[in-house]
Amino acid sequence: MNCLECGEKILGRSDKKFCNDACRNAYNNKQNKDSNNMMRNINNKLRKNYRILTEVNIDGKTKISRSKLDGLGFDFDYFTNIKVYKNGSEYKFIYDYGYKLLEEDFVLIVRNQA
């Protein structure tokens, strides 16, 4: 049997597919490259949004203008989950920080202490 990555003859167990860890890692990195780029880009946006919310929400509950968040680079299209409360209020969360769009172009930012 030959290594799937470099083609060298494999010594050892009969079910081995790679000659060493470096070849195994290189092969798997090539296989997962496209999905990793997409996931990396999404995670970077989530991380940036989270950082922005932590910087502007000092008191645990903050009201800020949407344009200020836009100016800081916040992307309203990326969040981790949505929670709708009994009163109908919808909050979009990025991990433990949530925000609710208010009237007059304001945003309420809260931190979930769960």
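This is a predicted model, so every value here is computed, not measured. Throughout, residue positions are numbered sequentially from 1 according to the sequence presented.
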Within this structure, what is the [atom1]-[atom2] distance for the pair [X] and [Y], rounded to the nearest 0.5 Å?
X    : Y    : atom1 : atom2 : answer
D70  : K68  : CG    : NZ    : 12.5 Å
K100 : K63  : NZ    : NZ    : 10.5 Å
K92  : N49  : NZ    : CG    : 11.5 Å
N20  : N25  : CG    : CG    : 9.0 Å
L69  : L53  : CG    : CG    : 7.0 Å
I64  : L102 : CD1   : CG    : 12.0 Å

Could you report the tightest heavy-atom contact between [X] and [Y], atom names first, then the distance?
X   : Y   : result
C3  : C19 : SG-N, 3.5 Å
E55 : I58 : O-CG1, 3.8 Å
E5  : Y27 : OE1-CA, 3.4 Å
L72 : I52 : O-CD1, 3.3 Å
N57 : K61 : OD1-N, 3.1 Å
G73 : K48 : O-CE, 3.7 Å

Would a single hydrophobic cluster contain both [Y] and [X], if residues Ile, Leu, Val, Met, Phe, Trp and Tyr are joined by side-chain heavy-atom contacts under 4.5 Å?
X    : Y   : value
V107 : Y50 : yes
L46  : M38 : yes
M1   : F18 : no

Without placing hydrogens or testing angles, list every side-chain donor-acceptor pair under 3.5 Å for residues 76-85, not counting sequence neighbours.
unit_1, atom_1, unit_2, atom_2, d
T80, OG1, F93, O, 2.9
T80, OG1, Y95, N, 2.9

*Answer yes or no: are there more than 12 heavy-atom neighbours, outside Q31 itself, under 6.0 Å from its atom CD?*
yes

*asked:* Just checking K16: does its NZ atom have more than 12 heavy atoms from other residues, nucleotides or ligands closer to it than 6.0 angstrom?
replied: yes

*asked:* Regarding N43 and R40, do their side chains bring together a donor and an acceptor under 3.5 Å, going by distance alone?
replied: no

*Would Y91 and L108 count as a side chain to side chain contact (heavy atoms under 4.5 Å, CB included) if you check the C-alpha gap in whole Å, the side-chain angles of each, and the deciding distance to 0.1 Å?*
CA-CA 9 Å; Y91 283 81; L108 178 65; 3.5 Å; yes

*After noting the C-alpha distance and the side-chain angles of I94 and F74, does the key distance pass the side chain to side chain contact (heavy atoms under 4.5 Å, CB included) rule?*
CA-CA 12 Å; I94 302 164; F74 191 85; 3.8 Å; yes

